[in-house]
Amino acid sequence: MFLALVVSVPKEFPVDVLGGPRFATEAVLDLFPDDGAVPRGQLKVLDVAAGTGLVGQRLYDAGIKNLDALEPSSEMIKIAQSRGIYQRIIEDMIGHHRIDVEDNTYDLVVVAGAFGPGHCPLTALDEMIRVCKPGGYIINSMRLEFLFISKDHTGLLDYQKSLEERGLWRRVSHIIFDGYFETVKQGITFVYQKI
């Protein structure tokens with residue numbers, strides 16, 4: 001079962017209260033600096049569990065314009081659509097079936113805040129890998145505590161390792177940081193590269 005809390009978040013919402021989108025975006029921008037070998041404008045990106053588009057807006061503002069979104073909540077999609085930043089918005093969940101995206105489509109798949117109780121299952125990672133191009137990246141930013149208290153995600157570290165052992169991706173980094181949510185919760189950003 002998927003649980004969604006629908007919150008109307010205006011574009012000017014103080015994102016510092018919600019550090020997840022900021023940290024996910026920073027991981028993307030670290031991989032693809034403004035003066036890097038791959039121009040940001042050439043990247044094709046999927047924003048998974050896009051919600052109201054907080055991650056997408058930050059990416060768009062940083063020069064990543066070829067953005068698609070995947071989001072199961074029609075109410076959140078309305079808000080994300082109002083931003084005018086997504087090329088395509090797919091109303092669907094990830095991890096339960098094959099989503100309507102071809103294999104090897106995206107240079108980057110990014111998700112912030114979706115690995116929590118009642119949200120993305122671990123199998124969502126398999127689908128993210130499938131739609132990511134070989135050599136592309138999958139970035140997941142989440143609350144650190146969910147690795148230990150969410151019955152749906154206590155096995156996430158082992159699951160990620162099993163995907164690595166199967167030769168599907170390689171770990172680039174795991175970054176733990178303060179200020180993921182309301183400046184008091186710690187977060188973690190996982191960065192993997194598809195093989």
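Only this structure's heavy atoms are used, side chains among them; waters, hydrogens and symmetry mates stay out. Values in this document were obtained by computation on a predicted structure and should not be read as measured data.
R88 is linked by a salt bridge (charged side-chain N to carboxylate O under 4.0 Å, His left out) to D100, counting only residues two or more places apart in sequence or in another chain. By the salt bridge (charged side-chain N to carboxylate O under 4.0 Å, His left out) test, E164 pairs with no residue at all, sequence neighbours left out. Annotation: side-chain contact (heavy atoms from CB on, under 4.5 Å) contacts of K78 (sequence neighbours excluded): E75. Applying the salt bridge (charged side-chain N to carboxylate O under 4.0 Å, His left out) rule to K161 yields no partners; only residues at least two apart in sequence or on another chain are considered. With sequence neighbours left out, the side-chain contact (heavy atoms from CB on, under 4.5 Å) criterion links T154 to no other residue. Residues forming a side-chain contact (heavy atoms from CB on, under 4.5 Å) with R166 (at least two apart in sequence, or on another chain): D126, L163, L168. Judged as a ring pair (Phe, Tyr, Trp, His ring centres under 6.0 Å), and not counting sequence neighbours, Y60 has no contacts. Under the salt bridge (charged side-chain N to carboxylate O under 4.0 Å, His left out) criterion, R170 pairs with no residue, sequence neighbours left out. In this structure, the side-chain contact (heavy atoms from CB on, under 4.5 Å) partners of E127, at least two apart in sequence or on a different chain, are I94, R98, I99, R130.
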For residues 27-42, please give each side-chain donor-acceptor pair under 3.5 Å, one per line with the distance, not counting sequence neighbours.
| residue | atom | partner | partner atom | Å |
| --- | --- | --- | --- | --- |
| R40 | NE | F32 | O | 2.7 |
| R40 | NH1 | A62 | O | 3.1 |
| R40 | NH2 | F32 | O | 3.2 |

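No donor-acceptor distance shorter than 3.5 angstrom exists from the side chain of Q87 to the backbone of D68, with no hydrogens or angles considered. When atom types are taken as modelled, the side chain of T123 and the backbone of G95 share a donor-acceptor pair closer than 3.5 angstrom.
Screening residues 144-173 for ring pair (Phe, Tyr, Trp, His ring centres under 6.0 Å) gives F115-H153, W169-Y192 as the qualifying pairs, with residues at least two apart or on separate chains. Evaluation of the salt bridge (Lys or Arg N to Asp or Glu O under 4.0 Å) test over residues 186-195, restricted to residues two or more places apart or in two chains, returns none.
A single hydrophobic cluster is seen to contain both L144 and I149, as judged by linkage of ILVMFWY side chains at heavy-atom distances under 4.5 Å, directly or through other members.
Nearest heavy atoms, I139 versus A24: CG2-O, 4.2 Å. Residues Y180 and G20 come closest through the heavy atom pair CE1-CA, 3.1 Å. Across every non-hydrogen atom of S141 and T189, the tightest pair is OG-OG1, 3.0 Å. Taking every heavy atom of both residues into account, C120 and A124 meet most closely at CB-CB, 4.1 Å. Scanning all heavy atoms of the two residues, the minimum distance from G51 to A80 falls at O-CB, 3.6 Å.
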### Task
Applying salt bridge (charged side-chain N to carboxylate O under 4.0 Å, His left out), run through K44 and D107 and close with a yes or a no.
CA-CA 5 Å; K44 185 167 178 72; D107 300 296; over 6 Å; no
